[in-house]
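Notes to accompany the following structure.
Protein chains get the first letters and strands the later ones, always in sequence-line order, with residue 1 at the start of each.
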2 protein chains.
Amino acid sequence: MAHRMISDEQLYETALDLFRTYGYEGVSLQRLSAATGLEKASLYYRYPGGKDDIAKSVAQGVVHWFQSNIFAALLSDLPPRRKVATVADRLRAFYGGGRKSCITEILSIPGGPEELRAGLKAALQAWIKAFAEVARQSGMSTPIAKARAEEAISRIEGSLILARVLEDTGPFERALRLLPDLLTKE
Amino acid sequence: MAHRMISDEQLYETALDLFRTYGYEGVSLQRLSAATGLEKASLYYRYPGGKDDIAKSVAQGVVHWFQSNIFAALLSDLPPRRKVATVADRLRAFYGGGRKSCITEILSIPGGPEELRAGLKAALQAWIKAFAEVARQSGMSTPIAKARAEEAISRIEGSLILARVLEDTGPFERALRLLPDLLTKE
DNA sequence: GTCTATATTAAGATAGAC
DNA sequence: GTCTATCTTAATATAGAC
């Protein structure tokens, strides 16, 4: 047995799930080993930087997913309201209908490598910018569009907290349903 | 030296600050020891149950603070709008103007004792109920009042995430400023 | 590319002196 | 009531066999 027991994609998905569930400090190499079926030494072979390396790779993967699936959808030439509806569907899938936490929330808790937090900050700024842009396209003034973008993401993040604590996906679903009215004018 | 080097209140405040900053998994007894000036064995003397015990005590303290400072204010006979303004001021202080994270958010991440999560869930339900009650008092229908309460807390929690990630207290301040309009009718 | 084995440090926790 | 000292387990990390 000399070749990969688990694909890079599977390893990524497993690590993402662990980090967004337990946080940086809550994920040990032992836990990663148990979840992936790879021994710790094998994880170091794939990620020489160890846990920091894996966490940064996960964060980078999420940033890439947002670029391809959220920001790209917002740059299409569909009507703004259609674009936002598409984004809401993709966010619903990404957050497991409200059962999965936001990796930006979880990994922004101090403890992990500093680069991680810097990357998440940049990603969040990009997300706000992308939402503000679609709101402006739909006819809002620049300052109102920016406020609505902040409000939309604030409500998504907040509703995910409520969903986690209350063990009820309702708040998240309601936040997503409001997205079109929040980010588009009529 | 046979007597208390640090008061229970000081120990509580220090532990609260550590847990809301680093999360359950991110707080070690070493860290608590360094921050309080007490050796680990002394922490065990005060909290025989160790870290779990301290975390549960912190959560209980916060629940008590909310009862005395938030829920109590909402039960006074001031006009609803005045009550909400008072609550906003107290929440601003509690969250350090947006610089401090929500203990409910942080301690709801899996890893700590189960009782912790159950207590936080009950506390959050009580918070929603208290906000819904003041909204209803101000003239809203029961379902709308409940929706507004959920929205208000969702935005507070979400804005605290944004504030932490963006290193900018603006979102939190804006969320608080909106509270009166959100929870009262005129 | 993955494994077993091991080194090293830090974690949670307790015993017993003062 | 706090301390030093110690135990046990689990953490990150590496060496070297296959």
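When distances are taken from the side chain of Ala41(B) to each of dT2(D), dC3(C), dT14(C), the shortest belongs to dT14(C).
Near DNA chain C, meaning a heavy atom under 4.0 Å from it, residues 108-120 of chain B has no residue at all. Shown for residues 9-20 of chain A: no residue has heavy atoms falling under 4.0 angstrom of DNA chain D.
Each of Gly50(A) and Ile6(B) lies near DNA chain D, and the nucleotide nearest Ile6(B) is the one positioned closer to the 5' end.
Other residues sharing the hydrophobic cluster of Ile144(B), ordered by chain and number and joined by side-chain separations under 4.5 Å: Met140(B). Taking Ile, Leu, Val, Met, Phe, Trp and Tyr as hydrophobic and joining them when side-chain heavy atoms fall under 4.5 Å apart, one finds Val63(B) isolated, its cluster having no other members.
Between the CG atom of Leu43(A) and the P atom of dA11(D) there is a distance of 13 Å, given to the nearest Å. If you take OH of Tyr47(B) and P of dT2(D), they are 12 Å apart, rounded to a whole angstrom. Rounding to whole angstrom units, CG of residue Leu32(B) and P of dT2(D) are separated by 14 Å. Between the CE atom of Met5(A) and the P atom of dT4(C) there is a distance of 12 Å, given to the nearest Å. Distance, Arg4(B) CZ to dC3(D) P: 13 Å, rounded to whole Å. The distance between atom CD of Glu39(A) and atom C1' of dT4(C), rounded to the nearest whole Å, is 8 Å.
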Grab the N/O contacts between the protein and nucleotides 6-12 of chain C below 3.5 Å, and write none if there aren't any.
unit_1, atom_1, unit_2, atom_2, d
dA11(C), OP1, Ser28(B), OG, 3.4
dA11(C), OP2, Gln30(B), OE1, 2.3
dG12(C), OP1, Lys51(B), NZ, 3.3
dG12(C), OP2, Leu29(B), N, 2.8

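Within 6.0 Å of the CD atom in Glu115(B), the count of heavy atoms belonging to other residues, nucleotides or ligands does not exceed 12. With a 6.0 Å radius and a threshold of 12 heavy atoms from other residues, nucleotides or ligands, Gln137(A) has its CD atom above the threshold. No more than 12 heavy-atom neighbours from other residues, nucleotides or ligands sit within 6.0 angstrom of NZ on Lys146(B).
A donor-acceptor pair is defined here as one N or O able to donate and one able to accept, closer than 3.5 Å; no such pair exists between the side chain of Arg155(B) and the backbone of Arg155(A).
Taken from CG in Leu116(B) to CG in Leu120(B), the straight-line distance is 5.0 Å, to the nearest 0.5 Å.
Listed by chain and number, the residues in a side chain to side chain donor-acceptor pair (under 3.5 Å) with Asp181(A) are Arg81(A) (sequence neighbours excluded).
An OP1 or OP2 oxygen of dC3(C) is reached within less than 4.0 angstrom by a side-chain nitrogen or oxygen of Ser42(A).
The one candidate from Leu107(B), Ile103(B), Thr104(B) that meets the side-chain contact (heavy atoms from CB on, under 4.5 Å) condition with Arg20(B) is Ile103(B).
Taking the six-membered ring where the residue is Trp, Phe19(B) and Tyr24(B) present parallel rings, their angle staying beneath 30° rather than reaching 60°.
Using a 4.5 Å heavy-atom threshold, the side chains of Tyr12(A) and Ile54(A) count as separate.
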